[in-house]
Protein chains: 2
Amino acid sequence: MAAVGRLAGVSQVTVSRALSHPEKVSPDTLQRIRDAIEATGFVPNALAGALASKRSHLISALVPSLTNIVYASFIATFSAQLRSHGYQVLLSETGFDTTSEQDLIATHLSRRPDAMLLTGIHHSQQARRSLLGADIPVVEVWDITDSPIDMCVGFNHVDAGRAVANFLYEQGHKNAATITANDERALRRQSAFSETFTQLSGNAVLNSNTGGPASIGAGRRALAHLIDDTGFQRGAVFCSSDLLAHGVLIEARARGLCVPGDMAVMGFGDQDFARDLEPALTTVAIDRLALGSVAAEALLARLVRPDTKQSIFDLGFKILRRASA
Amino acid sequence: MAAVGRLAGVSQVTVSRALSHPEKVSPDTLQRIRDAIEATGFVPNALAGALASKRSHLISALVPSLTNIVYASFIATFSAQLRSHGYQVLLSETGFDTTSEQDLIATHLSRRPDAMLLTGIHHSQQARRSLLGADIPVVEVWDITDSPIDMCVGFNHVDAGRAVANFLYEQGHKNAATITANDERALRRQSAFSETFTQLSGNAVLNSNTGGPASIGAGRRALAHLIDDTGFQRGAVFCSSDLLAHGVLIEARARGLCVPGDMAVMGFGDQDFARDLEPALTTVAIDRLALGSVAAEALLARLVRPDTKQSIFDLGFKILRRASA
DNA sequence: TTACTTTATGTATGCGCATACATATCACCA
DNA sequence: TGGTGATATGTATGCGCATACATAAAGTAA
């Protein structure tokens, strides 16, 4: 920066100003500085800038999995929104484990992010302490709670499970099964569903857990297991993700079962392919774009005015009735 | 760090050493320092550390799209591998546009990454210049070239297209069509396929471009278009991604076409669901995990010994014959 | 014992920038 | 003409750490 200044005939400070407050520099000086930057190929050192100004323009984000399109898509929105405000996102995968999340939080905090996004509302005590100590805006997404670390953006998973139970019961189903990935929030929806459905129909729900992440293959295998090993035959199947539901659809067809005639299938998430399946998948829509952008807005608001009050954003959900249930 | 030192009765330097070279600090001093760190909740400032040491332990990665599982999955491996060596990955989405890539490169370089990963081998001239100027290891992935900026890890897309053409021709197909997403590498495979297949069979290939990213819906619509508007009826369909092929399978079934009896379908990528479709998808397997880890290893090697010589890693591809073709 | 090495720690310094404050110049009005 | 305020630029400083170098203490071989 000093070298650029020398070339433009000004001091380092003026170069700094030309970059961050161009309106405070006279037009011709500005031009000379810009020419000098061009000529030298100067790239400002954001590390030094952050150290001096105590603002890193970095926002850290922790998601369970990058390969899960559900997280990837909302992070894409989140990042784009923040980028347009001059922030960069430092992204890491935590897995579904609060201890590894805790380590990552410490690592991320060492980069002095201006704010942080976490997935879910369950974090280790140590993690909460670090975050509180860091004194930066924090947004927890994909779930809501009355006592967020700072802010939260999401929806109520218990309500969602209940709503699906009511919906399927009202469609006339008396029997139901669930297929759920190994994900705390999905399990919460599952038990809410199960409880409500049993209460309505008087019949127990066959709950199953794939023991891993959601995938088409896992959905196929889960349905096969449900039919072959537990004798499930007719009724509704509520899957914790569209991906599982998709696998269920494939397996059902391979077995000659008619959906929704023999078996109604519901997914969760309204992923882009849901409408393109045969039959089109009935599912629960979550506005993932809104999730990403509301989370970004919330952080930005806090960064501008640290006393911004609203801290709980319930984005809700919507049952999308299509052909499969 | 000075405060921690005061509490432990040592200077700031000793604290710094305790953190980065614990073997150079006497055991009891080390313990006192660790207790002090624990007591104060001290989190080292990586920005200052990077500024002083000129090593940021940050590696920047630019991919076209985070929501494309194909990129997400190899980046997951790449990140995990680097994390285990003490590096963090700063990830951004470039879209499929070299100008926006160029801007992102500048932004990323301002954070002084120790190395950079780029997707593909086509970059703006300006981008190449910045990268060369930054003087850091660079790895370009998903493609290979004789003249990488620094290193490249991938496979030959022209060879892949040709191999698929040979494969389908040998299966006895005389007619073929292609459905390709709007992606430079996919288009290169398409034209290689097309040229080779025409040469072998004497018949022109019906090429189509979805004009956007690959998706199940796009695959369905593309097949519908192929059949309704261009009269394609029997033959082989080579899709630029498994996702498109999946859509083709659904549309074919919806139209009562038998796969592979009436129409053979090939995908590309061997995504996890390919084996779980009905019929199971014949596709081209790319070892994405290897891609991520070889790229990470290549960068790590360069970081340790800057004169490491090998710079082109051809990972190849493999045609996986399953039921759909 | 001397001289030399090893181990443990401290002092001084600077990485590259942003900020507070000082200074200089100029326009403008009384 | 002096005084006031606005505009443009510069000087001094420190952000929090890592590194080179200096020093002190203890061990080692002759």
Side-chain angles (χ1 to χ4, degrees), chain A residues 1-34 36-37 40-58 86 88 106-114 133-136, chain B residues 1-34 36-37 40-58 86 88 106-114 133-136:
Chain A
M1 205 173 247
V4 170
R6 228 170 295 127
L7 213 156
V10 297
S11 73
Q12 172 261 320
V13 199
T14 307
V15 179
S16 168
R17 255 192 295 257
L19 256 19
S20 29
H21 307 284
E23 76 284 357
K24 294 190 166 181
V25 172
S26 75
D28 59 331
T29 308
L30 191 55
Q31 193 51 53
R32 286 203 322 278
I33 292 177
R34 290 194 167 144
I37 288 177
T40 54
F42 170 72
V43 177
N45 185 324
L47 298 174
L51 185 61
S53 69
K54 299 178 175 309
R55 291 183 304 107
S56 62
H57 290 277
L58 239 201
Q88 264 181 98
T107 311
H108 276 227
L109 285 181
S110 77
R111 304 259 174 208
R112 298 295 186 266
D114 290 341
D135 193 33
I136 52 175
Chain B
M1 203 173 250
V4 170
R6 230 170 294 128
L7 212 156
V10 296
S11 74
Q12 172 260 318
V13 198
T14 307
V15 179
S16 168
R17 256 191 294 256
L19 256 19
S20 30
H21 307 284
E23 76 285 358
K24 293 192 168 182
V25 172
S26 75
D28 58 330
T29 307
L30 189 55
Q31 192 52 54
R32 285 202 323 276
I33 291 176
R34 289 194 168 146
I37 288 177
T40 53
F42 170 73
V43 177
N45 184 325
L47 298 174
L51 185 61
S53 71
K54 299 181 176 307
R55 291 184 302 109
S56 62
H57 289 276
L58 241 200
Q88 267 182 96
T107 311
H108 276 226
L109 286 181
S110 77
R111 305 257 174 210
R112 297 297 186 265
D114 291 340
D135 193 33
I136 52 174

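First the proteins, then the strands, lettered A, B, ... as listed; each starts at 1. Values in this document were obtained by computation on a predicted structure and should not be read as measured data.
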Q. Does the side chain to side chain contact (heavy atoms under 4.5 Å, CB included) test come out yes or no for B/I136 and B/R112, once each step is laid out?
A. CA-CA 9 Å; B/I136 52 174; B/R112 297 297 186 265; over 6 Å; no

Q: Could you go through the side chain to side chain contact (heavy atoms under 4.5 Å, CB included) check for A/S16 and A/M1 one step at a time?
A: CA-CA 7 Å; A/S16 168; A/M1 205 173 247; 3.8 Å; yes

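Between B/L47 and B/R55, the residue anchored closer to the 5' end of DNA chain D is B/L47, taking for each the nucleotide with the nearest heavy atom. For the pair B/Q12 and B/L51, nearest-nucleotide mapping onto DNA chain C gives the more 5' position to B/Q12.
Taking CZ of A/R17 as the reference point, atom CD of A/E23 lies at 10.5 Å (rounded to 0.5 Å). One finds the CG atom of A/L19 at 11.5 Å from the OG1 atom of A/T14 (value rounded to the nearest 0.5 Å). Note that the OG atom of A/S56 and the CG atom of A/L51 stand 11.0 Å from one another [nearest 0.5 Å].
The terminal axes of the helix from C/dT1-D/dA30 to C/dA30-D/dT1, fitted over 5 pairs per end, subtend an angle of 40° to the nearest 10°.
Proximity of B/F42 to B/L7: side-chain heavy atoms (C-beta onward) are nowhere separated by under 4.5 Å. Taking 4.5 Å as the limit, every side-chain heavy atom of B/H57 sits out of range of all side-chain heavy atoms of A/S110.
In terms of heavy-atom proximity, B/D114 sits nearest to B/K54 at OD1-O, 4.5 Å. Looking at every heavy atom in both residues, A/G9 comes nearest to A/R32 through O-NH2, 4.3 Å.
Contacts between residues 14-32 of chain B and DNA chain D, defined by a heavy-atom separation under 4.0 Å, are made by B/S16.
When DNA chain C is scanned in the 5' to 3' direction for atoms under 4.0 Å from non-hydrogen atoms of chain A, the outermost contacting nucleotides are C/dG16 to C/dT19.
The number of heavy atoms from other shown groups lying within 6.0 Å of CG (A/D28) is above 12.
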